[in-house]
Amino acid sequence: MNRRVILSREDGEGSSEVRGGRSFAPLRMTLGAAIIALIACALYLRLGPLPAINDAHFQSTTILDRNGEVLYEPLAASGNRALWVTADKLPPLVVEATIAAEDRRFLRHIGVDPLAVARAMLHNIRARRVVEGGSTITQQVAKLVLQSRDRSLRSKLRETVVALRLEHRYDKRQILAMYLNLAPYGNRINGIARASRTYFGCAPANLTAAQAAFLASLPQRPSAFNPLRDPGKARARQQLVLARMNLPRLEYQHARAERLRFAKNAQPALAMHFIEQVVKRVGVSPAWRAGRPPSVRTTLDADLQRAVVGIVQAHRADLVRHGAHSAAVAVLDNATGEWLAWEGSGDYFDDGFGGAIDGVTTPRQPGSTLKPFTYALAFEDGETPATVIADVPSNFPTAEQGVIYTPRNYDGRFRGPLRIRAALAGSENVPAVAMLAKLGPEALLRLLRNAGFNDLQRTADYYGLGLTLGDAEVTLEQLITAYAAFARNGKQVRTTMLLAAQPSNPATRQLLSAKTAFFITDILSDPEARAYAFGTGGSLDFPFPVAVKTGTSQSYRDNWTIGYTKDVTVGVWVGNFDRRELRGSSGMTGAAPIFHGVMLAAMQRARGRLPVGDSTPILAPPPDVEPVEICTLSGLRPSPWCESVRKEWLPVSDVPRFCSWHHDGSIDWPAEYRTWARSTLGTATAEASGRHIKTSHRAALQIANPADGATYLIDPTLRLEFQTLRLRAVAPTRVSWFIDDRRVDPEWPLARGTHLVTAVDEEGRRESVRIFVK
Ligand SMILES: [Zn+2]
């Protein structure tokens, strides 16, 4: 049977070849069928089904705060038809500008414009990348209706088909009206009516030619031409559109010269940065798009947000005086991980200083705010708040061959033996680096990554010991999230922007032990421990326990204060998005006053009233620690000769070691402190504190600091005026100092090069050492 079929087909084909003339009837039939198919195809292309164009396309989700207050209503979700333009009332200037900007042959083509496509292809080939789409206004309406996001050939074809159908069903004015109501105008604004209200505070019919041209240029690249971010770029595009409009000569000249004034606060702008994050992180997920809920309840507290904005505004004059134009603030609920307040710049519409940039998510150098993680690592490694670290001139090898790292403290002083409590609370640099040198940057990098600092992608060698001083960049959001783990007994928090029906924080990991979290919290909330460095009664002191840390980055570009109570974690960044330096601002003058106000507002909200006088510690001591008496100098258990004793929290398992430093009337310094003690404690303060240096004899003249052959690195994290070298000598008389034979002060500002340091005493004795500064 098979064989027969094959045979007969061969036969048939053969005969049609031979007797071609007689087969033209079936050929005509095939041709006819093809023509019918083509017509059907064309009809289908033109007349086939359109995706439903209904209200859903014109609504996006309304964003609410946690109590139901409307934070953002994108476009006319509930009959707000005032923000619509209808086909019969299109403002002529807007029509003119839009056609000039987007599709100059709009009134002549049938939905697609082969000429524009050809031109776009030519431009793209010349530029070797996609710079132009060649889409008509109708195709863009199709794209907006289909909500296609990718630029694949398939979605392009689909858009083209829908464009052809749109042209069949609707007239040009109707299509243009759809476009004007749907197109994105930047800053989460859809539709010309809302855009003209937001940017210029008027209805579309009242726009000038200059304003219409400006708005018409936005939908093409709403983020690149964002007038609030880059007014210059948007303006250049506007001039191009104006030139293409058919304006009378005089009107054109007038429009060209018109200076655009943007309306300030033309719409409620509360928490705009937060709303952008919600839309970016949650708004594009498929589930969200499928469900299209009419509104979404976020975790933000509008009242607290208003308080935060008010606090930032109240400090604005002070910030500007310090050369800072932006401030970012966020507040996290420690128990639930809910973001309660989120302010990215202090003024979203401040176009001169990048107000639309979100400082909460922008990576910056955190300065000293990372130090607690170095000490947390030390505690995990068995150290205690009583562990003594050497705050003395020290050199550390770096990954770079032959380069030695010589860290310095904020005020250029060295304080000798420093317990971790004092070293962390006073934010001394040298002990933090010494501790990290012992633990290794790899271990710290691992802890920081686990804590959520996802931007730290380089190797430990790359960051080096500067990692503890905050050389690497992190975001305020990451800092707050990581600090919240301290407030939660070492347990990490999973943050959220959406309010769940039942707040829960499941399956979070124990980042640090409860003991470590307690030590860190106890130290950071100890005003006495930081008093020697920060004083008392300032912005860091509260009428209830608050754990707090400040930070300042390289060359004073960024200024931070971050802290927490049991209830909330608050973080503040102050600086400039263009990385301009601040003036005369430290953690105490820039971010700290804002932190103070926000912490009070956040606690007022959390507790209903401020817990003034409530001295309940933030964290209760875990069962494996106990208060023990220690010698304040050595951090060891006191012997009868110890001059000063205090209580410190130590692990129950800590093996007691008794102070071997204090003896009857003298101190036997461990080797690493001897040089420091000789040069520093010869002074009145040491005598006043009753300490006597055990020195059998005094050399006639001896340079105590610097050591011969020492290498100093200029520290990039410190302001240059603090980059001084303290010249110290042990001598019976006054000493004069010379560097390369030039007389200098004993506080010599570091200068790069090889230098000869000479001390000369009153009796003419000289002593010299050679140092290197890199
Ligand atoms: Zn002692």
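Keep in mind it's a predicted model, so treat the numbers as computed, not measured. Counting begins at 1 with the first residue of the sequence.
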S.K.: Evaluate L424 against F519 for side-chain contact (heavy atoms from CB on, under 4.5 Å), listing each step before the verdict.
M.R.: CA-CA 11 Å; L424 172 56; F519 285 159; over 6 Å; no
S.K.: Could you pull out the closest heavy-atom pair between G354 and S345, with the gap in Å?
M.R.: O-CB, 4.5 Å
S.K.: Specify the closest pair of heavy atoms between W573 and L476, including all atoms of both residues, with the distance to one decimal.
M.R.: N-CD2, 4.2 Å
S.K.: Are the side chains of P91 and L207 in touch, meaning some heavy atoms are under 4.5 Å apart?
M.R.: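 They are not in contact (no side-chain heavy atoms under 4.5 Å apart), so the answer is no.
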S.K.: For the residue pair F518 and P617, establish whether any side-chain heavy-atom pair is separated by less than 4.5 Å.
M.R.: no
S.K.: Under 3.5 Å, side chain of S196 to main-chain N/O of C202, donor-acceptor pair present?
M.R.: yes
S.K.: List the atom of L582, the atom of V574, and the distance in Å for their closest heavy-atom pair.
M.R.: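 Distance-wise, the nearest heavy atoms are CD1-O, 4.0 Å.
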S.K.: Using 0.5 Å steps for rounding, measure from the CD atom of E69 to the CG atom of D303.
M.R.: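 If I round to the nearest 0.5 Å, the distance is 6.5 Å.
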S.K.: Do you know the tightest heavy-atom contact between Q305 and A341?
M.R.: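 It is OE1-CA, 3.4 Å.
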S.K.: Could you state the interatomic distance from CG (L479) to CD1 (I562), rounded to the nearest 0.5 Å?
M.R.: 4.5 Å
S.K.: State which residues pass side chain to side chain donor-acceptor pair (under 3.5 Å) with R316; sequence neighbours excluded, sorted by chain then number.
M.R.: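 Side chain to side chain donor-acceptor pair (under 3.5 Å) check on R316 returns nothing, list empty.
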S.K.: Could you tell me which non-hydrogen atom of A472 sits nearest to which non-hydrogen atom of L467, and how far apart they are?
M.R.: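 Smallest heavy-atom distance, with atoms named: CB-CD1, 4.0 Å.
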S.K.: For residues 357-372, which residue pairs pass the salt bridge (Lys or Arg N to Asp or Glu O under 4.0 Å) check, not counting sequence neighbours?
M.R.: R364-D558
S.K.: Evaluate the ring planes of W342 and W339, with Trp represented by its six-membered ring, and classify them as parallel (under 30°), tilted (30 to 60°) or perpendicular (over 60°).
M.R.: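 Because their plane-to-plane angle is over 60°, the rings of W342 and W339 count as perpendicular.
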S.K.: Measuring from F274:CZ to L340:CG, what's the distance to the nearest 0.5 Å?
M.R.: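 Rounded to the nearest 0.5 Å, the CZ-CG separation comes to 9.0 Å.
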S.K.: When you compare the side chains of K549 and S427, does any donor N or O come within less than 3.5 Å of an acceptor on the partner?
M.R.: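 Looking only at side-chain atoms, S427 and K549 do form a donor-acceptor pair, the distance falling under 3.5 Å.
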S.K.: Taking all non-hydrogen atoms of both residues, which atom of P593 and which atom of H315 are closest, and how far apart?
M.R.: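 Of all heavy-atom pairs spanning P593 and H315, the closest is CB-NE2, 3.5 Å.
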S.K.: For N489, what residues pass the side chain to side chain donor-acceptor pair (under 3.5 Å) criterion, not counting sequence neighbours?
M.R.: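 With neighbours one apart ignored, the set is empty.
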S.K.: Distance check, rounded to the nearest 0.5 Å: L71 atom CG versus D65 atom CG?
M.R.: 5.0 Å
S.K.: Report yes if the side chains of T374 and L447 come closer than 4.5 Å at any heavy-atom pair, otherwise no.
M.R.: no
S.K.: Determine whether V548 and M599 make a side-chain contact, defined as any pair of heavy atoms from C-beta on separated by less than 4.5 Å.
M.R.: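 No - every pair of side-chain heavy atoms lies 4.5 Å or more apart.
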S.K.: Is there a side-chain contact between Q313 and D347, using heavy atoms and a 4.5 Å cut-off?
M.R.: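 A side-chain contact is absent here, since even the closest heavy-atom pair is not under 4.5 Å.
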S.K.: Please report the interatomic distance CG(N559) to CG(N576), rounded to the nearest 0.5 Å.
M.R.: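 These two atoms lie 11.0 Å from each other.
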S.K.: Which pairs would a plain distance check flag for residues 325-332, meaning a side-chain donor or acceptor within less than 3.5 Å of a matching protein atom at least two apart in sequence or in another chain?
M.R.:
none

S.K.: Can you find a pair of side-chain heavy atoms, one from L499 and one from T299, that are under 4.5 Å apart?
M.R.: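 Side-chain contact under 4.5 Å: yes.
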S.K.: Does a side-chain heavy-atom distance below 4.5 Å link Q604 with L304?
M.R.: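 A side-chain contact under 4.5 Å is absent here.
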S.K.: Partners of F373 by ring pair (Phe, Tyr, Trp, His ring centres under 6.0 Å), sequence neighbours excluded?
M.R.: F453, Y483, F486
S.K.: I want to check something: taking the side chain as every heavy atom from C-beta on, are T298 and M497 in contact at a cut-off of under 4.5 Å?
M.R.: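 They are not in contact (no side-chain heavy atoms under 4.5 Å apart), so the answer is no.
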S.K.: With sequence neighbours left out, what residues match N454 under side-chain contact (heavy atoms from CB on, under 4.5 Å)?
M.R.: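 Partners of N454 under the side-chain contact (heavy atoms from CB on, under 4.5 Å) test: Q478.
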